[in-house]
Amino acid sequence: MKRQGFFVLSLALLLVSSAAAADFDWVRDFNTRAQADPAGFRASIAARFQIGDAQITAVLGNVSGPADAYIVLRFGEMSRHPTDYVLREYKASRGKGWGVLAQRLGIKPGSEEFHALKRGQDLYNADEGKGKGKGKKVSGPE
């Protein structure tokens with residue numbers, strides 16, 4: 001009976017992990033592209049978010065990868081919080097998921113803006129490759 005309970009628990013954890021992996025499924029490709037052209041990525045981030053090299057370096061030095069840097073900057077834009085505040089919240093909610101961070105920043109995980117970010121990013125355009133989420137426009141705060 002204990003073995004069956006362990007199996008059910010393991011299956012439930014696998015299903016939850018698979019569901020979580022489906023969110024933000026553009027991240028892996030985004031990271032690959034950014035790591036293939038770091039200078040181009042930094043230039044794109046600078047232009048997209050109107051920030052300088054020092055701030056880009058600070059963000060990249062405090063996150064797991066380029067996609068996390070992009071999401072942190074988008075969350076700052078969406079929540080209207082400064083980047084250093086978003087980075088503190090990012091560290092505090094590490095491993096809890098993007099929805100938890102969004103909530104900590106006052107972004108509703110059920111909002112259209114959050115769902116648009118889950119579906120894709122707006123840094124790389126659709127003509128540069130094929131894949132789910134590429135080139136989809138994510139609207140910023142108005």
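A quick note: this is a predicted structure, and the numbers were derived from the prediction, not measured.
Of the inter-residue distances, the one linking S79 atom OG with E89 atom CD reads 9.5 Å to the nearest 0.5 angstrom. The distance from the CD atom of E77 to the CD1 atom of I71 is 13.0 Å, given to the nearest 0.5 Å. Rounded to the nearest 0.5 angstrom, R33 CZ and S44 OG are separated by 9.5 Å.
The shortest side-chain heavy-atom distance between Y124 and D29 does not fall under the 4.5 Å cut-off. At a threshold of 4.5 Å between non-hydrogen side-chain atoms, the residues F30 and F41 count as touching. When side chains are defined from C-beta on, Y90 counts as touching S64, because their heavy atoms get closer than 4.5 Å. No side-chain heavy atom of V86 sits under 4.5 Å from any side-chain heavy atom of L73. The closest side-chain heavy-atom distance from Q121 to R48 is not below 4.5 Å. Inter-residue side-chain proximity for K91 and N62 is flagged as met; some heavy-atom pair is nearer than 4.5 Å. Taking 4.5 Å as the limit, every side-chain heavy atom of L101 sits out of range of all side-chain heavy atoms of R94.
Residues G99 and P109 share a closest heavy-atom pair of O-CG, 3.6 Å. The shortest heavy-atom contact between L87 and A58 is CD1-O, 4.4 Å. When every heavy atom of N31 is checked against every heavy atom of A67, the shortest pair comes out as OD1-N, 2.7 Å. Contact record, G110 with H115: O-CD2, 3.4 Å, taken as the closest heavy-atom pair.
In this structure, the side chain of Y70 engages the main chain of D122 through a donor-acceptor pair within 3.5 Å. Checking side-chain atoms of W26 against main-chain N and O of K118 turns up a donor-acceptor pair under 3.5 Å. Although no hydrogens or angles enter the test, the distance criterion places a donor-acceptor pair under 3.5 Å between the side chain of S111 and the main chain of F114. Between the D68 side chain and the V63 main chain, no donor and acceptor come within less than 3.5 Å of each other.
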R74 and E113: CA distance, side-chain angles, deciding distance, side-chain contact (heavy atoms from CB on, under 4.5 Å) verdict: CA-CA 10 Å; R74 274 294 288 134; E113 193 170 35; 4.0 Å; yes
Worked verdict on L117 versus M78 for side-chain contact (heavy atoms from CB on, under 4.5 Å): CA-CA 10 Å; L117 181 57; M78 291 164 65; 4.0 Å; yes
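Both F49 and Y85 sit in one connected hydrophobic cluster of ILVMFWY residues. Membership requires side-chain heavy atoms under 4.5 Å apart, directly or through other members. In this structure, V100 is not a member of the same hydrophobic cluster as W98, with clusters built from ILVMFWY side-chain heavy atoms closer than 4.5 Å.
Checking D53, L60, I56 one by one against I45, the side-chain contact (heavy atoms from CB on, under 4.5 Å) holds for a single residue, I56.
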